[in-house]
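Read through the structure below, which is laid out as structure tokens, and then see the notes.
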Amino acid sequence: QVQLVESGGGLMQPGGSQRLSCAASGLTFRIYIMGWFRQAPGKEREFVVAINQSGGSTVYADSVKGRFTISRDNAKKTVYLQMNMLKPEDTAVYYCAADRVGIISRSPSEYDYWGQGTQVTVSS
């Protein structure tokens with residue numbers, strides 16, 4: 001079965017950096033668009049960033065543009081989220097997701113598979 005497993009979350013200081021990873025199994029990773037979403041307590045799940053199948057195209061939410069970077073390694077079936085200049089408002093559970101359709105979407109409903117999430121807390 002398809003599994004997406006996130007790792008790398010934890011407690012981070014404001015201004016700090018951290019890299020999240022999402023390892024995929026049970027799917028042909030190279031044909032999927034991969035995205036990162038996040039959900040803070042009491043809020044809707046929101047789009048963070050997504051990357052196309054080759055890694056040549058990305059779409060970022062305005063709130064993370066210039067601070068976060070998505071990348072993927074199709075050989076390792078892994079997508080990464082490098083987070084720099086972290087802010088307290090980045091605190092959330094971060095989810096990776098896989099979308100079989102060929103166009104990057106910001107809508108959670110377009111994604112076919114989801115990981116279990118990893119908690120990111122930014123606090124001093």
Side-chain angles (χ1 to χ4, degrees):
Q1 73 277 21
V2 175
Q3 280 194 311
L4 301 176
V5 180
E6 302 96 336
S7 60
L11 176 62
M12 298 132 205
Q13 297 235 336
S17 297
Q18 186 71 358
R19 189 176 79 162
L20 304 183
S21 299
C22 171
S25 61
L27 77 170
T28 307
F29 182 78
R30 59 181 172 77
I31 67 174
Y32 281 81
I33 289 167
M34 297 301 296
W36 286 96
F37 291 77
R38 66 187 183 186
Q39 188 166 19
K43 293 190 176 182
E44 297 284 319
R45 189 169 298 190
E46 66 169 349
F47 173 81
V48 176
V49 60
I51 188 167
N52 75 341
Q53 294 86 339
S54 69
S57 180
T58 56
V59 175
Y60 289 87
D62 288 345
S63 58
V64 305
K65 201 173 292 183
R67 300 189 298 121
F68 290 11
T69 303
I70 190 172
S71 61
R72 66 189 294 162
D73 185 330
N74 285 345
K76 294 183 178 179
K77 297 185 178 182
T78 301
V79 61
Y80 304 98
L81 181 64
Q82 178 67 42
M83 306 184 294
N84 298 329
M85 296 182 286
L86 284 162
K87 303 176 181 181
E89 50 263 44
D90 294 320
T91 296
V93 177
Y94 282 71
Y95 299 90
C96 74
D99 179 7
R100 175 66 181 88
V101 177
I103 299 173
I104 290 177
S105 172
R106 298 172 182 255
S107 172
S109 64
E110 295 295 319
Y111 288 75
D112 303 296
Y113 302 107
W114 292 84
Q116 82 290 348
T118 186
Q119 176 70 47
V120 170
T121 302
V122 183
S123 174
S124 54

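Heavy atoms only: backbone and side chains are in, while hydrogens, waters and symmetry mates are out.
Residues Phe37 and Tyr32 do not share a hydrophobic cluster, clusters being chains of Ile/Leu/Val/Met/Phe/Trp/Tyr side chains in contact below 4.5 Å. Side-chain heavy atoms closer than 4.5 Å link hydrophobic residues (I, L, V, M, F, W, Y) into clusters, and following such links, even through other members, never connects Tyr111 to Tyr60. In the hydrophobic clustering of this structure, Tyr113 groups with Ile31; members are Ile, Leu, Val, Met, Phe, Trp, Tyr whose side-chain heavy atoms approach within less than 4.5 Å, directly or through other members. Trp36 and Ile104 are not part of a single hydrophobic cluster, where members link through side-chain heavy atoms under 4.5 Å apart. Under a hydrophobic-cluster definition in which Ile, Leu, Val, Met, Phe, Trp and Tyr are linked whenever side-chain heavy atoms come within less than 4.5 Å, directly or via other members, Phe47 and Val64 are assigned to different clusters.
The line from CD of Gln3 to CD of Gln116 is 9.0 Å long, rounded to the nearest 0.5 Å.
Other residues, nucleotides and ligands contribute at most 12 non-hydrogen atoms within 6.0 Å of the CD atom of Glu44. By the 6.0 Å contact criterion, CZ on Arg30 is open, its count of non-hydrogen atoms from other residues, nucleotides or ligands being 12 or less.
When side chains are defined from C-beta on, Met83 counts as touching Tyr94, because their heavy atoms get closer than 4.5 Å. Side-chain contact check for Ile33 versus Val101: every heavy-atom pair is 4.5 Å or farther apart. When side chains are defined from C-beta on, Pro14 does not count as touching Lys87, because their heavy atoms never get closer than 4.5 Å. Looking at Arg45 and Tyr95, their side chains come closer than 4.5 Å, going by heavy atoms from C-beta outward. Side chains of Trp114 and Pro108 form a contact here, defined as non-hydrogen atoms less than 4.5 Å apart. Contact of the Phe68 side chain with the Leu81 side chain is registered, since non-hydrogen atoms from C-beta on lie closer than 4.5 Å.
Arg72 contributes a side-chain N or O that, together with a main-chain N or O of Phe29, makes up a donor-acceptor pair within less than 3.5 Å. Panel note: side chain Ser105, backbone Glu110; no donor-acceptor pair is recorded below 3.5 Å. At least one donor-acceptor pair closer than 3.5 Å links the side chain of Gln18 to the backbone N or O of Gly8. Within the 3.5 Å criterion, the main-chain N or O of Cys96 finds a donor-acceptor partner in the side chain of Glu6.
Heavy-atom minimum distance, Cys22 versus Leu4: SG-CB, 3.9 Å. Summarising the geometry of Gln13 relative to Leu86, their closest heavy-atom pair is O-CB, 4.2 Å, with the distance given to 0.1 Å. Closest approach of Leu27 to Ala98, counting heavy atoms only: CD1-CB, 4.0 Å.
Asp73 and Thr78 are not linked by any side-chain donor-acceptor pair at a separation below 3.5 angstrom, with hydrogens and angles left out of the test. For the residue pair Ser123/Thr121, the side-chain donor-acceptor check at 3.5 Å is not satisfied.
Screening Asp90, Thr118, Val120, Val93 against Arg38 for a side chain to side chain contact (heavy atoms under 4.5 Å, CB included) leaves a single residue, Asp90. Of the options Ile51, Asn74, Val49, a side chain to side chain contact (heavy atoms under 4.5 Å, CB included) to Met34 is made by Ile51 and by none of the others.
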Inset, instruction - Output, in order, the C-alpha distance, side-chain angles, deciding distance and verdict of side-chain contact (heavy atoms from CB on, under 4.5 Å) for Glu46 and Arg106. - result: CA-CA 8 Å; Glu46 66 169 349; Arg106 298 172 182 255; over 6 Å; no
